[in-house]
Amino acid sequence: MSISCLAVIAAGLSAFPAFAAEEIADRIWSGGPVLTMNDQAPRAEAVAEKDGVILAVGTAEEVMKFKGKGTTLIDLKGKAMLPGFVDAHGHAFMIGIQAVAANIQPAPDGKVNDIPALQATLSEWAKTYPDRAKRLGTILGFGYDDAQLAEQRHPTREDLDKVSTEVPVMVMHQSGHLGVMNSKALELAGITAETPNPTGGVIRREEGSNEPNGVLEEAAFFGAALKQLSDLDKEGAQELFVAGTELLTSYGYTTGQEGRSTPAVARLMKAAADAGRIKIDVVTYPDALVDKDFIAKNVSASYTNRFRVAGAKLTIDGSPQGFTALRDRPYYNPPSTYRADYAGYAAATTDEVFDAIDWAFANNIQILTHSNGEGASDMLLAAVKTATEKYGRADRRPVLIHGQFLRKDQVAAVDELDMFPSLFPMHTFYWGDWHRDRTVGPLNAENISPTGWVRERGMMFSSHHDAPVAFPDSMRILDATVTRRTRSGDILGPDQRVDVMTALKAMTIWPAYQHFEEAGKGSIEVGKTADLVVLSKDPTAVDPETLDSLKVVETIKEGETIFTYKPEEKQGSLQLRPGSTGGDAFGNFLRHASAEVEEAGGHAHGPDVYYTALSEGLARNGMAAR
């Protein structure tokens, strides 16, 4: 999307009238730097709010003119105020997983950097949460990353058997695309040496035999995991969604996204919103390959109780770090069991991709498309080009999600086709070393998530977290977008780095534009919604290498504080309320995905399969709202 589109933003802002000076503010914040994200006045000293709307922005003297008898004055005490962060791509519903499973992520999000630590963490979780383990029927862990384990391999069933041989043990990879089971879990799943690989999945075997080693890829893992878990609990599923939105607020998000849902999941989230259970706005994009009619009937530009169906989602390929993204060339250094010409695979057929894009353009519905590999992006660009030629240009803002391995010519095509790139520079920290050494090699790794190429063309972009793949840590996103420093300390693609203000725009005003909400969100300007975040320090005034140490001190939605940082509590930790069935829900709704995965031809993407599971569970239990 060309920078000329900023004129569109400016035009939208001009629609808001100036407020009369005699109006009295409900709240005034001052005493710290205000970063507005408004290029016409990028910094201010104070902000006034009335009825959830920004009343005044400017010098302290100017803004204090709106002070009255009932005005609450808030001293920022040197901390920085910014617009609330807008979630460019994440999974607000699935983030709740991080509340109920053992955290087996590597540092800094967890403590599992070798297999003994993984085993110890699982054992400790089972002892600490015996009721949860009993309800789930398994010892469950989420977030291990073989790229960060000292052993540089996946755990095996033998490794997990050391946790328990009597109770099923199941761990999910951080990407959501595969997992590992112990012998008991494999037994309950019915997986033996005679079990063939399912469509869209792989059962890894012990060397020299057909015996499963416990590692299950894609559909093989989804189907096996679902078989041993029981029926859905609707209240618990809603609890997961609410918990996910609460985690987002702790990182400064005032607008969240459920980046891929089904009709049943959308209804479930809407029910939670209608019950007044969420504090932030949430947009969702149901899967275009599941139910186009539902999307067409429910898509809306306005929120109802903080929730709306904003468009459609399409998934073309899988995970780059898991070697399931569709490339235009072989992977650099894949596992030894892969053929030398292995280049990943598509999760959707060419016909499905072209048909979905054509439908979205024909119905003027925004479509977000998951595309990681160059081959997937070639397919997407061809489909968008075809649809553009057929229906003409219009302000549809189709979004490319991830674009990890975009070529420079593809970036140019994205610009020329008026697409909006939502990129994943956070990946440079979590998996940059892995991409350099294993997926694309040292040369091409320099250009993953190519924000530099995008800015060369004057394009806007957004930066996202894709949680629950990682925590939705806004400061980690900011740090990675600016520094591109990997876990090992390497700088991956110095030419692709951007300055702090650009990175902040990619978390505020530009994703607001991505969502067609730039007229009311994304910057601190008169007439816009008072969605704000307070950071511990001014991110433009600190050493860029320390950006990840900044804290979200306060999150403010429409003038009301919805999160306050408490040093004694770990930021981002989630506690389900007493008696919550969230643990049941996570285990329970997975059970029903196997049939739908097969019906979908194995095109489900990573965590997305769980939404399909939930949808099926809702339908079978008669819980889908009408």
Side-chain angles (χ1 to χ4, degrees), residues 97 101-106 110 112-127 132-134 136-198 200-229 319 321-324 334-338 586-587 590-591 593-594 597 606 609-610:
I97 291 176
N103 179 9
I104 54 173
Q105 295 184 97
V112 175
N113 285 85
D114 57 37
I115 289 175
L118 180 145
Q119 294 165 327
T121 300
L122 292 170
S123 297
E124 181 63 26
W125 181 85
K127 292 177 183 177
R132 187 175 295 175
K134 183 178 180 180
L136 289 169
T138 186
I139 297 172
L140 177 67
F142 176 81
Y144 86 89
D145 184 1
D146 55 306
Q148 300 305 317
L149 295 178
E151 295 82 358
Q152 287 287 286
R153 65 172 176 83
H154 294 277
T156 64
R157 66 180 177 88
E158 291 185 354
D159 294 322
L160 298 186
D161 282 347
K162 293 179 181 178
V163 177
S164 178
T165 56
E166 299 178 354
V167 178
V169 181
M170 179 171 64
V171 296
M172 300 167 61
H173 191 269
Q174 191 171 14
S175 70
H177 286 261
L178 66 164
V180 189
M181 294 183 168
N182 72 342
S183 296
K184 187 65 175 179
L186 290 171
E187 175 189 332
L188 293 176
I191 295 178
T192 68
E194 286 71 42
T195 305
N197 289 335
V202 173
I203 300 169
R204 294 195 186 181
R205 316 286 175 166
E206 293 181 356
E207 188 173 357
S209 79
N210 280 329
E211 288 295 326
N213 71 359
V215 181
L216 307 172
E217 297 181 12
E218 303 286 350
F221 172 61
F222 306 143
L226 310 178
K227 286 180 181 177
Q228 55 187 332
L229 300 168
S319 156
Q321 69 270 31
F323 299 99
T324 57
S336 59
T337 53
Y338 289 40
F586 172 62
L590 292 177
R591 182 171 186 253
S594 186
V597 171
V609 73
Y610 306 128

Minimal heavy-atom distance between T165 and D161, with the atoms involved, is CG2-O, 3.4 Å

Going through the distances and angles, do N182 and D159 end up as a side chain to side chain contact (heavy atoms under 4.5 Å, CB included)?
CA-CA 8 Å; N182 72 342; D159 294 322; over 6 Å; no

Inspect the contact between E187 and K184 and indicate whether a charged nitrogen and a carboxylate oxygen are less than 4.0 angstrom apart.
yes

Begin with the C-alpha distance, continue with both residues' side-chain angles, and end with the deciding distance and a verdict on side chain to side chain contact (heavy atoms under 4.5 Å, CB included) for T121 and N103.
CA-CA 8 Å; T121 300; N103 179 9; 5.7 Å; no

Indicate the atoms forming the closest heavy-atom contact of Y338 with E217, along with that distance.
OH-OE2, 3.4 Å

Could you tell me which non-hydrogen atom of T156 sits nearest to which non-hydrogen atom of R153, and how far apart they are?
CG2-NH1, 3.8 Å

Applying side chain to side chain contact (heavy atoms under 4.5 Å, CB included) between V180 and each of D146, L216, V215, N213, report the one that passes.
V215

Tell me whether R204 contacts the main-chain N or O of V202 through its side chain, where contact means a donor paired with an acceptor under 3.5 Å.
no

According to side-chain contact (heavy atoms from CB on, under 4.5 Å), who are the partners of S164, at least two apart in sequence or on a separate chain?
I139, E166, V167, V169

Sequence neighbours left out, what passes side-chain contact (heavy atoms from CB on, under 4.5 Å) with S209? Give chain and number order.
E206, E211

With ring pair (Phe, Tyr, Trp, His ring centres under 6.0 Å) as the test, would you mind laying out the steps for Y144 and H154 before giving the verdict?
CA-CA 9 Å; Y144 86 89; H154 294 277; 5.7 Å; yes

Indicate the atoms forming the closest heavy-atom contact of P196 with I203, along with that distance.
O-CD1, 3.6 Å

For S319, does its backbone N or O pair with a side-chain atom of T324 as donor and acceptor, under 3.5 Å?
yes

With distance as the sole test, does Q119 use its side chain to make a donor-acceptor pair with the main-chain N or O of K162 at under 3.5 Å?
no

Please determine whether side chain to side chain contact (heavy atoms under 4.5 Å, CB included) holds for the pair T337 and R205, giving the CA-CA distance in whole Å, both sets of side-chain angles, and the decisive distance to 0.1 Å.
CA-CA 10 Å; T337 53; R205 316 286 175 166; over 6 Å; no

Keeping T138 on the side-chain end and P168 on the backbone end, is there a donor-acceptor pair under 3.5 Å?
yes

Show the nearest heavy-atom pair for residues P334 and F323, with the distance to one decimal.
CA-CE2, 3.6 Å

Are the side chains of M170 and F221 in touch, meaning some heavy atoms are under 4.5 Å apart?
yes

Working to the nearest 0.5 angstrom, can you tell me the gap between S183 OG and L188 CG?
11.0 Å

Report yes if some heavy atom in the side chain of Q105 is under 4.5 Å from a heavy atom in the side chain of V112; otherwise report no.
no

Specify the closest pair of heavy atoms between P155 and I115, including all atoms of both residues, with the distance to one decimal.
CA-CD1, 4.1 Å

One pair to check against side chain to side chain contact (heavy atoms under 4.5 Å, CB included): L186 and R157. What are the steps and the verdict?
CA-CA 8 Å; L186 290 171; R157 66 180 177 88; 3.6 Å; yes

Is a side-chain donor or acceptor of T195 paired with a backbone partner of T192 at a separation under 3.5 angstrom?
yes

First locate atom OG of S123, then atom CH2 of W125, and finally report the distance between them rounded to the nearest 0.5 Å.
11.5 Å

